[in-house]
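The shown structure was predicted, so the numbers you read here are calculated from the model rather than taken from an experiment. Every number for a ligand or one of its atoms is a count from 1 in the order of the listing. For the numbers below, each heavy atom of this structure counts, side chains included, while hydrogens, waters and symmetry mates do not.
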Amino acid sequence: MYAQLVETGLSKVRTSEELSDAERAFQDRIDAGIRIEAKDWMPDAYRKTLIRQISQHAHSEIVGQLPEGNWVTRAPTLKRKAILLAKIQDEAGHGLYLYSAAETLGVSRDELLADLHSGKAKYSSIFNYPTLSWADMGAIGWLVDGSAIINQIPLCRCSYGPYSRAMIRVCKEESFHARQGYDIMMALCRGTAEQKAMAQDALNRYWWPALMMFGPSDAASVNSAQSAQWRIKLFSNDELRQRMVDQTVPQIEYLGLQLPDPAIKWNEERGHYDFGDINWDEFYQVLKGNGPCNRERLRTRVKAYEDGAWFRDALQAHADKQHDQKKSA
Ligand code: BYC
């Protein structure tokens, strides 16, 4: 798969002869499965790619709290509310591990946040969709965290040590998130006709955006080939997307819900489910900032950051005071 990705992606990958001695030695380490650590020499482009991906990932975890945060005060029971709160707190934790992993590459958290707040840095397209009903909490846990697990399990084996280690705990927590989402869907599907209709509506609305989380098709993915060569990507966008469809269709059937795409059909020859065409125009519009909630999400994040200024100032004042006391002792 790795070789195929290197060949088919849009980004040009240099052959061994085109690499400098240092780059060749670096690639040999990666090919031998040796992890790259923060203080090791690395090509600038490798560093840049990792900063891009890890920071986008961190931003996604942080912005990803907002759609679910919308339902904390309206959770149907105390138990559901406690579970949802715990999940959202986990996402904040994931953001923090990931910002720390990005910082090992020589970029500061302030720079990363400035890029998010100015709209320069991306975060996952999925978080620009609204959460209209309680069933959306089920659909997000099940489909969004479910997709995240499929994408992130391979990242536990990626070439950059700090990123791969952060992913281990993230994936464990995502498994709990996916289970709680499916549990919400099960409860709704076993409930009244109205509750089941809510579950169906959430599935219908979140299905396509969840498939878009895996990124553009392999033929359109600009970064895949290089990232595969560096073992940042172990599987292609389309391959992971197919895995998501194959895993989820039987779960939809178990819930007794209608398939959200009439083109879904088991293909005996391929050993996979076929599915319909993704609306890539919608995906790129969301990436450009024109999704249903892009502006609202960014505005909320910027306001939260500005509202927290007094707390960061207090922390700094406390640290300065401790530093002065140590110096004068
Ligand atoms: N949304 O060449 P490609 C979570 C961008 S958080 C937005 O294939 P790459 C959760 C891509 O960045 C889950 N942008 O890129 C949290 C690139 O743009 P730039 C977040 C996207 O990087 C809270 C361009 O499109 N997971 O689970 O090789 C609550 C071309 O794409 C998207 C991660 O971040 C998208 N969906 O592959 C609940 C996982 N897709 O940067 C749940 C780590 C693509 O060149 N990231 N783009 O301007 C990855 O695995 C990879 O970055 C991707 C994209 C597969 C997403």
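- Salt bridge status for R14 with E23: present, with a side-chain N to carboxylate O gap under 4.0 Å.
- Against a heavy-atom cut-off of under 4.0 Å, V222 is close to the following atoms of ligand 1: 2 (O), 30 (C).
- Residues K48 and D44 are not paired through a salt bridge, judged by the lack of any N-O separation under 4.0 Å between the basic side chain and the carboxylate.
- Ligand-side atoms of ligand 1 in range of F283: 32 (C), 35 (C), 36 (N), 40 (N), 44 (C), range being under 4.0 angstrom from any heavy atom.
- Comparing H94, K120, K233 against atom 9 (P) of ligand 1, the shortest heavy-atom distance belongs to K233.
- Taking each heavy atom of A101 and Y160 in turn, the nearest pair found is O-CE2, 4.2 Å.
- Under 4.0 Å from ligand 1, not a single heavy atom of I140 appears.
- Annotation: cation-pi pair R243/F235 present, NZ/CZ under 6.0 Å from the ring centroid and within 45° of its normal.
- Contact check on D324 versus K327 returns no salt bridge, with no Lys/Arg side-chain nitrogen under 4.0 Å from an Asp/Glu carboxylate oxygen.
- Residue-level proximity to ligand 1 for D145 is carried by the side chain, the only part with a heavy atom below 4.0 angstrom.
- Minimum interatomic distance between P67 and W71 (heavy atoms only, all atoms of both residues): O-CD1, 4.1 Å.
- Under a cutoff of 6.0 Å and an axis angle of 45°, R241 and F275 do not form a cation-pi pair.
- Atom 53 (C) of ligand 1 lies below 4.0 Å from none of the non-hydrogen atoms of the protein.
- Remark: distances from the non-hydrogen atoms of Q152 to ligand 1 include one below 4.0 Å.
- Distances from atom 12 (O) of ligand 1 to the heavy atoms of K122, Q56, Q53 put Q56 nearest.
- Every N/O-N/O distance between L287 and ligand 1 stays at or above 3.5 Å.
- Ion pairing between a basic and an acidic side chain is recognised when a charged N comes within 4.0 Å of a carboxylate O; D40 and R35 show no such pairing.
- A salt bridge does not link K120 with E111: none of the charged nitrogens is closer than 4.0 Å to a carboxylate oxygen.
- Using a 4.0 Å cutoff on heavy atoms, K87 counts as a contact of ligand 1.
- Taking the ring centroids of H59 and Y99, they lie under the 6.0 Å cut-off.
- Every atom of ligand 1 with a heavy atom of S125 under 4.0 Å away is listed here by number and element: 1 (N), 7 (C), 35 (C), 36 (N).
- Considering backbone and side-chain atoms alike, E68 places every N or O at 3.5 Å or more from each N or O of ligand 1.
- E174 and H177 form a side-chain donor-acceptor contact under 3.5 Å, judged by distance and modelled atom types alone.
- Summarising the local packing, CZ of R190 is surrounded by 12 or fewer heavy atoms from other residues, nucleotides or ligands at distances under 6.0 Å.
- Close approach of ligand 1 to Y163 (heavy-atom distance below 4.0 Å) involves ligand atoms 43 (C).
- Contact annotation for V286 and ligand 1: no heavy atom of the residue comes within less than 4.0 Å of the ligand.
- The proximity of Y123 to ligand 1, defined as any non-hydrogen pair under 4.0 Å, is limited to the backbone.
- For ligand 1, the atoms lying closer than 4.0 Å to a non-hydrogen atom of S60 are 6 (S), 16 (C), 20 (C).
- Summary of contacts: the protein heavy atom closest to atom 22 (O) of ligand 1 is R52 NH1, 3.0 Å.
- Of all the atoms in ligand 1, the ones that sit under 4.0 Å from a non-hydrogen atom of A148 are 27 (O).
- The pair R24-D28 fails the salt-bridge criterion, with no side-chain N (NZ, NE, NH1 or NH2) lying under 4.0 Å from an Asp/Glu carboxylate O.
- For the pair R80 and D183, the salt-bridge criterion is met [side-chain N within less than 4.0 Å of a carboxylate O].
- The heavy atom nearest to atom 31 (O) of ligand 1, considering only P216, G215, P154, is found in P216.
- For ligand 1, the atoms lying closer than 4.0 Å to a non-hydrogen atom of M212 are 36 (N).
- At a heavy-atom distance under 4.0 Å, atoms from both the backbone and the side chain of H57 approach ligand 1.
- Ligand 1 has no nitrogen or oxygen under 3.5 angstrom from a nitrogen or oxygen of E61.
- The shortest N/O to N/O separation between N151 and ligand 1 falls below 3.5 Å.
- Taking every heavy atom of F214 and a limit of under 4.0 angstrom, the matching atoms of ligand 1 come to 55 (C).
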